[in-house]
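Contents: one structure, followed by commentary.
These figures come from a predicted structure and were not determined experimentally. Counting begins at 1 with the first residue of the sequence.
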Amino acid sequence: MSVLQSFTDRTVFQSLRSTTLTITGSACTIGGLVADVLQPIAPFASYLFGMSALAFVLLFILYRRGNEDLLGGVAFTGLAAGVFGLIVLFQSGEGAEETGFIAVAVPGIAELQSRLGIIDAKLDGIAEDTLSLRESAARLEGSSAQVLRTLEEMRENFASGGVIDNPRSPEDYYHNARLQELGGDYAAAQRSYIIYFRSDLPLLDPHLRFLAFLKVQEGTAGARETYTTLMTGKEDGMPAYVRLLLLEAPQRVLALENHAEQHPDFAPVYYHLSEDVSARRLGFQTLADKRAERRYLQQFQAVDEAGGLLKYMIDQSLVEQWRNDASARLQALNALGDGTLENPLSLSFAANNAGYTAQVTIAEPALEVLWNVQGSTEPRSTGDSGVINPQTGKPAPNLFFNLPAGQPDTTIDVRYRDLRGNLQGPYSVEFKGKKQSEDANQRVLEATNTSWVSFRDYDGKRLLYFTHLMSYRGSIEKIQYGLNAAQPHRNFRFPPWRKPGLAPIDAKTPVHITVPRSTRYVTVQLTYKNGEKSAVQRFNYPG
């Protein structure tokens with residue numbers, strides 16, 4: 001039977017008389033009005049609506065499952081939910097949410113609320129909450145100020161005067177520890193360090209000084225064990241960070257990098273990372289090490305400028321030492337230039353009748369060179385030269401590879417293994433056969449500028465030969481010469497060559513001209529196809 005059918009059934013109505021719907025409705029209405037008046041203290045009407053609606057749903061489900069005697073409860077909770085729901089709806093109007101809709105409609109009710117202290121109670125609660133927030137903020141501000149005062153006092157008192165007879169504050173104990181350490185009283189120094197660490201101040205250099213002190217006394221392994229034992233139970237803060245510095249190199253670098261990701265405003269981590277890839281730590285550096293060192297030093301300086309160093313340090317001399325060291329190392333690295341650090345590999349091509357020879361230039365020693373035409377072949381090694389590289393003690397790789405004469409324009413990827421065996425690259429270089437040939441021919445001509453022309457006396461004539469230039473005319477736009485003249489002003493005409501590689505010389509290729517026997521010297525200047533002009537070269541008659 002549906003609910004609607006139940007309510008329209010006469011027998012049902014008769015069964016509901018015992019629930020006294022009139023009394024129930026009146027009670028709910030009165031309760032809702034009282035809840036509305038008490039709205040300034042808490043949203044009682046909303047609470048009552050929620051509870052009655054939940055009860056209605058539960059009773060209705062049970063009733064539908066055959067519990068016919070629960071119909072009265074269903075009707076009661078349904079009526080209550082309806083009444084309280086209407087009151088909540090009325091309270092959603094403007095101004096009614098705080099004081100209730102009756103107080104908005106009837107001014108006398110608002111006055112009654114004030115007399116009963118309902119509004120005052122709410123205001124008192126707000127005032128108490130506000131006061132509590134202010135007190136919490138004041139405590140936080142006081143704690144921060146105390147830390148700052150302590151740090152300033154420590155800096156002012158640190159290393160001033162002799163050993164303090166009756167140390168009271170953390171700076172007193174750290175002050176004594178440093179002086180006792182310098183004075184050779186190591187037992188007293190260790191006691192002073194341990195008492196200082198009870199303060200748990202967020203300062204790094206006391207931990208670093210203590211760690212260095214332990215290494216001198218007990219060695220690296222002993223220092224690691226002693227420090228770890230003394231800091232047992234301190235899993236956060238500076239002890240946790242210093243424990244990372246005690247790890248072995250590979251794990252230490254990974255741990256510090258993870259710490260830098262989680263605490264990007266902590267400058268010391270970048271300085272310690274830069275040390276791990278520095279020449280003084282590694283002995284020798286690859287370019288990858290130098291790139292990493294420069295990146296860490298730049299991050300260290302940036303975070304330091306933002307205030308991420310000084311607030312963790314007490315000893316100003318150590319701060320200046322780090323800053324000066326970082327500046328000097330970064331200056332040396334910047335002197336290498338971005339070209340060397342970021343793109344240490346280049347290719348140059350020499351054209352020949354068989355194709356092209358690619359010459360590989362790398363700004364650091366390599367263990368192996370690999371290359372491939374992008375997207376078409378797998379990387380292949382150039383092999384080793386059979387010559388031992390004195391820097392590596394291993395065979396040096398071949399620094400060249402060959403391309404066929406018909407190689408179309410493409411992109412070539414080159415990789416190499418550095419001295420640590422890490423693969424660097426790929427470094428991509430565009431190959432354009434015609435341009436590479438022109439560039440290669442131009443480089444050859446510039447390197448052989450004393451052989452451009454030659455004199456020969458033959459059959460009573462004085463001949464001037466341009467044979468060398470004709471072989472490399474693929475890169476030449478114009479040849480000018482001058483006889484007994486400081487400036488070339490005549491043109492030597494020749495058939496152009498627009499294909500890659502060396503230009504062939506056949507019967508149609510002019511290779512010489514006849515000049516007057518009075519010619520004592522000739523000057524020559526080339527204009528290349530890229531628009532550049534060579535320097536003027538002078539060639540004297542050898543006789």
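Under 4.0 Å is where a charged nitrogen must lie from a carboxylate oxygen, and between Asp409 and Lys432 no such pair does. Ion pairing of Arg323 with Glu320 is present here, as a side-chain N (NZ or NE/NH1/NH2) and a carboxylate O approach within less than 4.0 Å. Salt-bridge check for Lys434 with Glu438: passed, with a basic side-chain N closer than 4.0 Å to an acidic carboxylate O. A salt bridge links Glu275 to Arg280: one of the charged nitrogens lies within less than 4.0 Å of a carboxylate oxygen. Between Asp289 and Arg420, at least one side-chain nitrogen of the basic residue sits less than 4.0 Å from a carboxylate oxygen of the acidic one, meeting the salt-bridge criterion. In this structure, Asp439 pairs ionically with Lys435, as a charged nitrogen and a carboxylate oxygen lie closer than 4.0 Å. Glu235 and Arg243 are joined by a salt bridge, as a carboxylate oxygen and a charged side-chain nitrogen come within less than 4.0 angstrom of each other.
With contacts defined as side-chain heavy-atom distances shorter than 4.5 Å, the pair Gln359/Leu347 does not qualify. Inter-residue side-chain proximity for Thr382 and Leu370 is flagged as unmet; no heavy-atom pair is nearer than 4.5 Å. Contact annotation: the side chain of Gln537 never approaches that of Gln525 to less than 4.5 Å [non-hydrogen atoms, C-beta and beyond]. In this structure, the side chains of Phe431 and Pro408 stay at 4.5 Å or more apart for every pair of heavy atoms. Thr226 is not listed as a side-chain neighbour of Thr229, based on a closest heavy-atom distance of 4.5 Å or more. Between Thr220 and Arg224, some side-chain heavy-atom pair lies under the 4.5 Å cut-off. In this structure, Ile362 and Val414 have side chains that are not in contact, with every pair of non-hydrogen atoms separated by 4.5 Å or more. Two residues are said to be in side-chain contact when any heavy atoms from C-beta on lie closer than 4.5 Å; Phe466 and Ile479 meet this criterion.
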Given Asn530 and Gln442, is the side-chain hydrogen bond (donor to acceptor under 3.5 Å, both in side chains) satisfied, shown in steps?
-> CA-CA 10 Å; Asn530 60 11; Gln442 182 176 338; 3.0 Å; yes

Given His207 and Phe213, is the ring pair (Phe, Tyr, Trp, His ring centres under 6.0 Å) satisfied, shown in steps?
-> CA-CA 10 Å; His207 292 265; Phe213 166 76; over 10 Å; no

Could you check Met313 against Leu318 for side-chain contact (heavy atoms from CB on, under 4.5 Å), going step by step and ending with a plain yes or no?
-> CA-CA 8 Å; Met313 310 288 282; Leu318 183 59; 3.5 Å; yes

From CA spacing to verdict: side-chain hydrogen bond (donor to acceptor under 3.5 Å, both in side chains), Tyr296, Glu257 | CA-CA 10 Å; Tyr296 291 139; Glu257 287 179 341; 2.7 Å; yes

Worked check of side-chain contact (heavy atoms from CB on, under 4.5 Å) between Asn372 and Arg380 = CA-CA 6 Å; Asn372 67 290; Arg380 70 189 79 170; 5.8 Å; no

Give the C-alpha distance, both sets of side-chain angles, the deciding distance and a yes or no for side-chain hydrogen bond (donor to acceptor under 3.5 Å, both in side chains) between Arg538 and Asn540.
-> CA-CA 7 Å; Arg538 173 170 171 158; Asn540 295 322; 2.9 Å; yes

Apply ring pair (Phe, Tyr, Trp, His ring centres under 6.0 Å) to the pair Tyr241 and His259, showing each step before the final yes or no.
-> CA-CA 8 Å; Tyr241 175 73; His259 190 278; 4.9 Å; yes

Could you walk me through whether His512 and Thr467 pass the side-chain hydrogen bond (donor to acceptor under 3.5 Å, both in side chains) check?
-> CA-CA 7 Å; His512 65 80; Thr467 310; over 6 Å; no

Walk me through it: do Ser437 and Tyr356 pass the test side-chain contact (heavy atoms from CB on, under 4.5 Å)?
-> CA-CA 8 Å; Ser437 179; Tyr356 305 88; 4.2 Å; yes

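The nearest pair of heavy atoms linking Leu297 to Ser274 is CD2-OG, 3.5 Å. Of all heavy-atom pairs between Pro268 and Gly308, the closest is CD-O, 3.7 Å. Contact between Leu469 and Ile476 at its shortest, heavy atoms only, is O-CD1, 3.8 Å. Here the shortest heavy-atom pairing between Ser278 and Glu293 reads CB-OE2, 3.6 Å. Annotation for Ala260 and Leu273: closest pair CB-CD1, 4.5 Å, computed over non-hydrogen atoms. A pairwise comparison of heavy atoms in Gln424 and Ala288 identifies NE2-CB, 3.7 Å as the closest pair.
Remark: the backbone N or O of Phe349 is paired with a side-chain donor or acceptor of Arg443 at under 3.5 angstrom. Asn441 contributes no side-chain N or O that, together with a main-chain N or O of Val444, makes up a donor-acceptor pair within less than 3.5 Å. Side chain of His468 to backbone of Ser454: no donor-acceptor contact under 3.5 angstrom is found. Between the side chain of Ser376 and the backbone N or O of Val373, at least one donor-acceptor pair lies under 3.5 Å. Here the side chain of Asn334 pairs a donor or acceptor atom with the backbone of Leu330 at under 3.5 angstrom. Checked by atom type and distance alone, the side chain of Ser385 pairs as donor or acceptor with a backbone atom of Ala396 at under 3.5 Å.
In this structure, Arg415 fails the cation-pi test against Trp371, since its NZ or CZ atom is not both closer than 6.0 Å to the six-membered ring centre and inside 45 degrees of the ring normal.
Rounding to the nearest 0.5 Å gives a distance of 13.0 Å between CE of Met470 and CG of Leu502. Atom-to-atom distance recorded for Arg294:CZ and Leu333:CG is 7.5 Å, nearest 0.5 angstrom. Between Gln301 atom CD and Ser327 atom OG the span is 6.0 Å, to the nearest 0.5 Å.
Taking a 6.0 Å sphere around CZ of Phe455, one finds it holds more than 12 heavy atoms contributed by other residues, nucleotides or ligands. With a 6.0 Å radius and a threshold of 12 heavy atoms from other residues, nucleotides or ligands, Lys234 has its NZ atom above the threshold. Within a 6.0 Å sphere centred on CD of Glu342, heavy atoms belonging to other residues, nucleotides or ligands number more than 12. Counted within 6.0 Å of CG on Asp236, heavy atoms from surrounding residues, nucleotides or ligands total 12 or fewer; the atom is thus considered open. Glu430 CD: 12 or fewer foreign heavy atoms inside a 6.0 Å radius. Other residues, nucleotides and ligands contribute only 12 or fewer heavy atoms inside 6.0 Å of the CD atom of Gln331.
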Enumerate donor-acceptor pairs with a distance under 3.5 Å from any side-chain N or O in residues 488-501 to protein atoms, sequence neighbours excluded.
| unit_1 | atom_1 | unit_2 | atom_2 | d |
| --- | --- | --- | --- | --- |
| His489 | ND1 | Gln487 | O | 3.3 |
| Trp497 | NE1 | Lys499 | O | 3.0 |

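Put simply, the residue from Tyr174, Phe210, Tyr173 that forms a ring pair (Phe, Tyr, Trp, His ring centres under 6.0 Å) with Tyr196 is Tyr174. Of the candidates Tyr312, Phe300, Phe266, Phe300 is the only one forming a ring pair (Phe, Tyr, Trp, His ring centres under 6.0 Å) with Tyr271.
Ser169 and Asp172 form a side-chain donor-acceptor contact under 3.5 Å, judged by distance and modelled atom types alone. Inspection of the Asn402 and Thr357 side chains reveals an N or O donor paired with an N or O acceptor under 3.5 Å. Tyr528 and Glu446 form a side-chain donor-acceptor contact under 3.5 Å, judged by distance and modelled atom types alone.
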